[in-house]
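Heads up: the structure comes next, in structure tokens.
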Amino acid sequence: MRNDPSGRRDRVLAAVEIPALGIWTGALLGFAFVSAPAAFRLFAPVDIARFAALTAQTISVLTVWGYVLGGLAIVCAILRAAMAGDRTADFVRILLVVLALGLATYELRAVVPAMVATPDVRSAAYQALHQRSSEVYGGVVLLALVTLVLAAIRRDD
């Protein structure tokens, strides 16, 4: 049996990169489809300040976890690229994670504060901000999900 240390190293890095991306993507989806709608139903009608604070805090935590898990995925992709014959797929994954983190930062720094400052969740201004937030957040989710799939199907032939 042949011993291939670079193949083993790539598998270990993939075993770190793929779960990091999967956990981040799962957390993003859990917020979008479970906790945000539940928080809106429970808090928005009676206490908009609590709803806004809860949502802002959750997005802040998700963004920090995105930095940690996305950063870990970037490091793994860089190390996997260093050992790869064709580095294109690795660089594409790195770029997608960087874009996702950039969008997450924009969401946290620009969109969420504007939403928190809007007192009426039923106003046209809030609805426009919510639409922008959904588009930006959806972009983060889509980029993270595509990166996860690309990491999972990567082959180093």
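To the nearest 0.5 Å, the span separating CG on Leu150 from CG on Leu145 amounts to 9.5 Å. Going from atom OG of Ser134 over to atom CD of Gln127 covers 9.5 Å, rounded to the nearest 0.5 Å. Taking CD1 of Ile94 as the reference point, atom CZ of Arg87 lies at 11.0 Å (rounded to 0.5 Å). To the nearest 0.5 angstrom, Leu142 atom CG is 10.0 Å from Thr25 atom OG1.
Scanning both residues, Arg80 and Ala151, for their nearest heavy atoms gives NH1-O, 4.0 Å. Minimum interatomic distance between Ala14 and Pro19 (heavy atoms only, all atoms of both residues): O-CD, 3.8 Å. Across every non-hydrogen atom of Ala56 and Val112, the tightest pair is CB-CG1, 3.6 Å.
Among residue pairs with one or both ends in residues 118-155, those qualifying as ring pair (Phe, Tyr, Trp, His ring centres under 6.0 Å) are Phe31-Tyr137; sequence neighbours excluded.
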Using distance only, find each side-chain donor-acceptor pair of residues 63-77 under 3.5 Å and give its atom names and separation, not counting sequence neighbours.
| from | atom 1 | to | atom 2 | distance (Å) |
| --- | --- | --- | --- | --- |
| Thr63 | OG1 | Ile59 | O | 2.8 |
| Tyr67 | OH | Thr105 | OG1 | 2.6 |

Per-pair distances, 0.1 Å, donor-acceptor, side chain in residues 32-55, under 3.5 Å, sequence neighbours excluded:
| from | atom 1 | to | atom 2 | distance (Å) |
| --- | --- | --- | --- | --- |
| Asp47 | OD1 | Ala49 | N | 3.4 |
| Asp47 | OD1 | Arg50 | N | 3.2 |
| Thr55 | OG1 | Phe51 | O | 2.9 |

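The hydrophobic cluster containing Ile153 does not contain Val16, counting ILVMFWY residues as joined when their side-chain heavy atoms lie under 4.5 angstrom apart, directly or transitively. Trp24 and Leu95 fall within a single hydrophobic cluster, where Ile, Leu, Val, Met, Phe, Trp and Tyr are joined by side-chain heavy atoms under 4.5 Å apart, directly or via other members.
Judged by distance alone, with hydrogens and angles left aside, the side-chain atoms of Thr147 form a donor-acceptor pair with the main-chain N or O of Leu143 at under 3.5 Å.
Residue Arg154 forms a side chain to side chain contact (heavy atoms under 4.5 Å, CB included) with just one option from Val92, Val149, Asp90, and that option is Asp90. Between Leu103 and the options Leu108, Val111, Val140, a side chain to side chain contact (heavy atoms under 4.5 Å, CB included) holds for only Val140.
Residues Glu135 and Gln131 have side chains that bring a donor and an acceptor to within less than 3.5 angstrom of each other.
Counting only heavy atoms from C-beta outward, the side chains of Thr118 and Ser123 approach each other to under 4.5 Å. Between Arg93 and Glu17 the shortest side-chain heavy-atom distance falls below 4.5 Å. Side-chain contact between Val97 and Leu21 is present, with heavy atoms from C-beta onward closer than 4.5 Å.
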